[in-house]
Colleague: 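First the structure, then my questions, so here it is.
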Amino acid sequence: LESWGVIIIWPEITNGNVSMMDYRKALDRLYVEESKIIFDSEQVSSPEITKLLNESRKKYYSEFTNLGKVQDKEGTNSFTNGNYSIKVDGNWALITATGSKSAHLSPEDLTLIRLDTTDKVIWAGEKMPSCDTPMHIVYYKNTSAKAIAHSHCSKMTYSDELEVYKTPEYMRYGRFDSVLPPVSLLIKNDGFVILKFHGEVGIGETLLDAYSKIKYHFDKVTINEKAK
């Protein structure tokens with residue numbers, strides 16, 4: 001259905017419970033589909049920023065596209081869902097733009113974001129950054145991450161076997177205030193966490209390193225499914 005453009009808001013389905021989705025998840029998904037962005041933002045430009053943007057795209061573009069193709073092949077992401085970022089210096093990171101298709105990225109799908117903000121997203125490029133940009137900013141500030149991979153894989157998000165990696169509460173899109181609590185779980189779980197009703201996050205030295213944290217648990221769930 002998703003391949004036909006149908007918006008699916010998955011209910012909570014576990015071995016011990018079937019219930020309606022958290023209403024905040026439904027509101028966030030519908031808002032994102034209509035407006036794409038739910039945070040305050042400011043687009044900036046200068047010769048220095050443009051130079052950094054072009055240099056960063058040239059250096060990291062293949063790393064982004066390689067991961068997008070890998071996830072598409074391995075089935076660990078859903079269409080335009082999910083996002084990636086790489087820290088390019090102390091103040092900036094390169095992130096996928098909102099609505100971009102991870103398996104078919106163009107250089108223009110990579111946007112610069114400032115990392116020294118706490119309530120507004122400062123960005124540079126042709127396209128606005130991912131709706132999950134506040135999450136990336138907060139995790140760079142509070143962990144040693146140099147790259148972040150974020151996937152939306154229902155097999156993992158709703159897996160009973162991965163319950164220990166899930167946050168207790170639903171983490172809302174595009175908000176600086178709701179994404180800080182998972183930091184302690186990220187650190188405890190060697191750079192991996194599942195945001196309840198939302199998706200998976202892996203952090204690492206490179207994008208493939210960050211993604212390996214996600215893929216490890218995906219493989220574990222897949223192997224256990226086949227064994228049943």
Colleague: Minimum heavy-atom separation for Asn142 and Val183, please, with both atom names.
Modeller: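 Here Asn142 and Val183 meet closest at O-CG1, 3.7 Å.
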Colleague: Please examine the side chains of Phe176 and Val121, heavy atoms only from C-beta on, and report whether any two atoms are closer than 4.5 Å.
Modeller: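 Heavy-atom side-chain distance check passes, below 4.5 Å.
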Colleague: Are more than 12 heavy atoms from other residues, nucleotides or ligands located less than 6.0 Å from atom NZ of Lys141?
Modeller: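 Yes, enclosed.
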Colleague: Going from CG on Asn224 to OG on Ser159, what distance comes out if it is rounded to the nearest 0.5 angstrom?
Modeller: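 With rounding to 0.5 Å, CG (Asn224) is 8.5 Å from OG (Ser159).
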Colleague: Does Ser151 use its side chain to pair, donor to acceptor, with the backbone of Cys153 at less than 3.5 Å?
Modeller: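 No.
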Colleague: CD/Gln43 to CE/Met128 distance, rounded to the nearest 0.5 angstrom?
Modeller: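 Rounded to the nearest 0.5 Å, the CD-CE separation comes to 8.0 Å.
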Colleague: Which value, rounded to the nearest 0.5 Å, describes the distance between Tyr165 atom OH and Asn189 atom CG?
Modeller: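 Between Tyr165 OH and Asn189 CG, I get 6.0 Å after rounding to 0.5 Å.
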Colleague: Out of curiosity, Ile86 CD1 to Phe64 CZ, how far, rounded to the nearest 0.5 Å?
Modeller: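 The CD1 atom of Ile86 sits 4.0 Å away from the CZ atom of Phe64.
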Colleague: Return the minimal non-hydrogen interatomic distance between Ser56 and Leu94, and the atom names on each side.
Modeller: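 Closest approach of Ser56 to Leu94, heavy atoms only: O-CD2, 3.7 Å.
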Colleague: Should we count NZ of Lys220 as having more than 12 external heavy atoms under 6.0 Å?
Modeller: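 Yes, the 6.0 Å shell around NZ holds more than 12 heavy atoms from other groups.
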Colleague: Using every non-hydrogen atom in the two residues, find where Ala124 and Thr111 come nearest and quote the distance to one decimal.
Modeller: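 Heavy-atom minimum between the residues: O-CG2, 3.2 Å.
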Colleague: According to a 4.5 Å side-chain heavy-atom criterion applied to Ile, Leu, Val, Met, Phe, Trp and Tyr, with indirect links allowed, do Met156 and Val164 form part of one hydrophobic cluster?
Modeller: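 The answer is yes; both residues are in one hydrophobic cluster.
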Colleague: I need the minimum non-hydrogen distance between Ser85 and Tyr140, along with the two atoms involved.
Modeller: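 The answer is OG-OH, 2.7 Å.
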Colleague: Looking just at side-chain N and O atoms, do Ser130 and Asn83 make a donor-acceptor pair shorter than 3.5 Å?
Modeller: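 Indeed, the side chains of Ser130 and Asn83 share at least one donor-acceptor pair under 3.5 Å.
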Colleague: Is there a continuous path of hydrophobic side-chain contacts, each under 4.5 Å between heavy atoms, that joins Phe192 to Tyr139?
Modeller: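 They do not share one cluster, since no chain of ILVMFWY contacts under 4.5 Å joins Phe192 to Tyr139.
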Colleague: Which value, rounded to the nearest 0.5 Å, describes the distance between Lys215 atom NZ and Glu74 atom CD?
Modeller: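 Going from the NZ atom of Lys215 to the CD atom of Glu74 covers 4.0 Å.
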Colleague: Would a single hydrophobic cluster contain both Tyr216 and Tyr211, if residues Ile, Leu, Val, Met, Phe, Trp and Tyr are joined by side-chain heavy-atom contacts under 4.5 Å?
Modeller: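 Different clusters: Tyr211 never reaches Tyr216 through Ile, Leu, Val, Met, Phe, Trp or Tyr contacts under 4.5 Å.
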Colleague: Of all residues at least two apart in sequence or in a different chain, which pass the side-chain contact (heavy atoms from CB on, under 4.5 Å) check with Glu42?
Modeller: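 In terms of side-chain contact (heavy atoms from CB on, under 4.5 Å), with neighbours along the sequence ignored, Glu42 is linked to Val44, Lys120, Ile122.
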Colleague: Is it the case that more than 12 heavy atoms not belonging to Asp190 sit under 6.0 Å from its CG atom?
Modeller: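 Check fails, neighbour count at 12 or below.
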Colleague: Considering all heavy atoms of both residues, which atom of Pro129 and which atom of Ile113 are nearest to each other, and what is their separation?
Modeller: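 It is CB-CG2, 3.7 Å.
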Colleague: side-chain contact (heavy atoms from CB on, under 4.5 Å) with Leu112: which of Thr50, Leu53, Asn91, Ile95?
Modeller: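 Considering Thr50, Leu53, Asn91, Ile95, a side-chain contact (heavy atoms from CB on, under 4.5 Å) with Leu112 is found only for Leu53.
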Colleague: Do Thr96 and Leu105 come within less than 4.5 Å of each other through their side chains, counting heavy atoms only?
Modeller: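 Yes, side chains in contact.
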Colleague: Indicate whether any N or O donor in one side chain lies under 3.5 Å from an N or O acceptor in the other, for Thr222 and Asp219.
Modeller: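 Result is no, nothing qualifies.
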Colleague: Nearest heavy-atom pair of Asp40 and Asp119: which atoms, and what distance?
Modeller: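 Residues Asp40 and Asp119, closest heavy atoms: CB-O, 4.3 Å.
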Colleague: Both conditions, 6.0 Å and 45 degrees, for the charged tip of Arg114 above the ring of Trp92: are they met here?
Modeller: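 The answer is yes; both the distance and angle limits are met.
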Colleague: Would you say Ile214 ends up clustered with Leu195 if hydrophobic residues are merged whenever their side chains have heavy atoms under 4.5 Å apart, either directly or through other cluster members?
Modeller: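 No, no single cluster joins them.
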Colleague: Taking side-chain contact (heavy atoms from CB on, under 4.5 Å) as the criterion, tell me which of Tyr60, Tyr84, Tyr61 meets it with Leu110.
Modeller: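 Result for side-chain contact (heavy atoms from CB on, under 4.5 Å) with Leu110: Tyr61.
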Colleague: Is it true that the side chains of His136 and His150 contain a donor and an acceptor less than 3.5 Å apart?
Modeller: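 No pair is found: no donor N or O on one side chain lies under 3.5 Å from an acceptor on the other.
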Colleague: Answer whether the closest heavy-atom distance between the side chains of Asp72 and Asn77 falls below 4.5 Å.
Modeller: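 SC-SC contact between Asp72 and Asn77 ruled out.
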Colleague: Does Glu55 reach the side chain of Val88, with side-chain heavy atoms less than 4.5 Å apart?
Modeller: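 SC-SC contact between Glu55 and Val88 ruled out.
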Colleague: Below 4.5 Å, heavy atoms only, C-beta onward: do His198 and Thr167 meet side chain to side chain?
Modeller: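 No - every pair of side-chain heavy atoms lies 4.5 Å or more apart.
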Colleague: Give the cluster check for Ile137 versus Leu185: same hydrophobic cluster or not, with ILVMFWY residues linked at side-chain heavy-atom distances below 4.5 Å.
Modeller: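 Linked, Ile137 and Leu185 end up in one cluster.
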Colleague: Would you give the length of the straight line joining atom CZ of Phe197 to atom NE2 of His152, rounded to the nearest 0.5 angstrom?
Modeller: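 Answer rounded to 0.5 Å: 14.0 Å.
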Colleague: So, the side chain of Lys127 versus the backbone of Glu108: is there a donor-acceptor pair under 3.5 Å, distance only?
Modeller: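 Answer holds: no.
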Colleague: Between Lys146 and Glu63 (salt bridge meaning N to carboxylate O under 4.0 Å), is one present in this structure?
Modeller: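 Between Glu63 and Lys146 there is no salt bridge, as every charged N stays at least 4.0 Å from the carboxylate O atoms.
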Colleague: Do NZ/NE/NH1/NH2 and the carboxylate oxygens of Glu163 and Lys166 come within less than 4.0 Å?
Modeller: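 A salt bridge links Glu163 with Lys166.
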